[in-house]
**Student:** 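Next up is a structure, given as structure tokens.
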Amino acid sequence: MSEPNAETRILHAIRAIPRGQVAGYGEVARRAGLPGRARLVARILGQNEDPDLPWHRVLRSDGRIAFPEGSRGWREQSQRLRAEGVRVEKGRVRGLKAARDLDEVLWGPSR
DNA sequence: GAAATGACAGACC
DNA sequence: GGGTCTGCCATTT
């Protein structure tokens, strides 16, 4: 019981994202202690069934939604982000860079 | 057991 | 800003 499973840690990292904030897959994976497992994060999100999981706050490193533009998930995610005050333009999300800056302040400079 | 697939990331042009 | 290529990891066929 040294440490929880990777899936648990990833889910925890995602749930730790503050409202109105966004994070990239690699970012989440790194925070979960699994650098390079961005793909694992994506798989977890695709298999997750937790309605309380802020999956819509997870974006690609480019700051773009991981879904194809016009897709159901794409629309839902963009709408949810907008509802949280996140600026979304054609699948492009503004604030990821700024969020990164705040990241070190909010989550802790220990990195 | 190898090849293909996927809600990815970083480097390069 | 945008397109291409490679690397990585886990699951599925």
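Computation of the quantities below employed the complete heavy-atom set of this structure, encompassing side-chain atoms and omitting hydrogens, waters and symmetry-equivalent molecules.
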**Student:** Which heavy atom in A/Val86 sits nearest to a heavy atom in A/Gly20, and how many Å separate them?
**Tutor:**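 Smallest heavy-atom distance, with atoms named: CG2-O, 3.5 Å.
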**Student:** Does A/Glu76 form a salt bridge (charged side-chain N to carboxylate O under 4.0 Å, His left out) with A/Arg80? I'd like the steps, not just the answer.
**Tutor:** CA-CA 6 Å; A/Glu76 182 154 349; A/Arg80 281 193 174 203; 3.7 Å; yes
**Student:** Would you say the side chain of A/Tyr25 and the base of B/dA9 hold a donor-acceptor pair, judged only by whether the two atoms sit under 3.5 Å apart?
**Tutor:**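 Such a pair does not exist between side chain and base.
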**Student:** Using whole Å, report how far CZ of A/Arg75 lies from P of B/dA7.
**Tutor:**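 Going from A/Arg75 (CZ) to B/dA7 (P), I get 18 Å.
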**Student:** Under the side-chain hydrogen bond (donor to acceptor under 3.5 Å, both in side chains) rule, collect the residues that match up with A/Arg19, sequence neighbours excluded.
**Tutor:** none
**Student:** Please encode protein proximity along nucleotides 4-13 of chain C as a string of B, S and -, counting only heavy-atom distances under 4.0 Å.
**Tutor:** ---BBBSS--
**Student:** For the residue pair A/Pro54 and A/Ile14, what are the closest heavy atoms and their distance?
**Tutor:** CG-O, 3.3 Å
**Student:** Just grab all the salt bridge (charged side-chain N to carboxylate O under 4.0 Å, His left out) pairs involving residues 45-58 of chain A, residues at least two apart or on different chains.
**Tutor:** A/Arg15-A/Asp50, A/Arg57-A/Glu84
**Student:** Give me the atom names and distance for the closest heavy-atom approach of A/Ala66 to A/Arg60.
**Tutor:** CA-CD, 3.6 Å
**Student:** As a test of reading the structure: which of B/dG10, B/dA9, B/dA7 is closest to the side chain of A/Ala38, going by heavy atoms?
**Tutor:** B/dA9
**Student:** Please report, rounded to the nearest Å, how far the P atom of B/dA9 is from the CZ atom of A/Arg60.
**Tutor:** 7 Å
**Student:** Which atom pairs link the protein and nucleotides 11-13 of chain B when you take only N or O atoms and keep those under 3.5 Å?
**Tutor:**
none

**Student:** Using side chain to side chain contact (heavy atoms under 4.5 Å, CB included) as the criterion, list what pairs up with A/Thr8, not counting sequence neighbours.
**Tutor:** A/Pro4, A/Asn5
**Student:** How close or far is atom C1' of B/dA7 from atom CG of A/Asn48, stated in whole angstroms?
**Tutor:**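 Value for this atom pair: 10 Å.
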**Student:** Side-chain polar contacts of residues 38-47 of chain A - donor-acceptor pairs under 3.5 angstrom, sequence neighbours left out - could you list them?
**Tutor:**
none

**Student:** Rounded to the Å, how far apart are A/Asp62 CG and B/dG10 P?
**Tutor:**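 From A/Asp62 CG to B/dG10 P: 9 Å.
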**Student:** Between B/dA7 atom C1' and A/Glu76 atom CD, what is the distance in whole Å?
**Tutor:**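 Rounding to the nearest Å, CD of A/Glu76 and C1' of B/dA7 are 13 Å apart.
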**Student:** So what does A/Gly46 touch, heavy atoms closer than 4.0 Å: a base, only the sugar-phosphate, or nothing?
**Tutor:** base
**Student:** Between A/Glu69 (CD) and C/dG2 (P), how many Å, whole number?
**Tutor:**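 My rounded result for the distance is 12 Å.
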**Student:** Looking at A/Phe67 and A/Trp74, what are the two nearest heavy atoms and their distance?
**Tutor:**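 Answer, listing the atom of A/Phe67 first, then A/Trp74: O-CD1, 3.3 Å.
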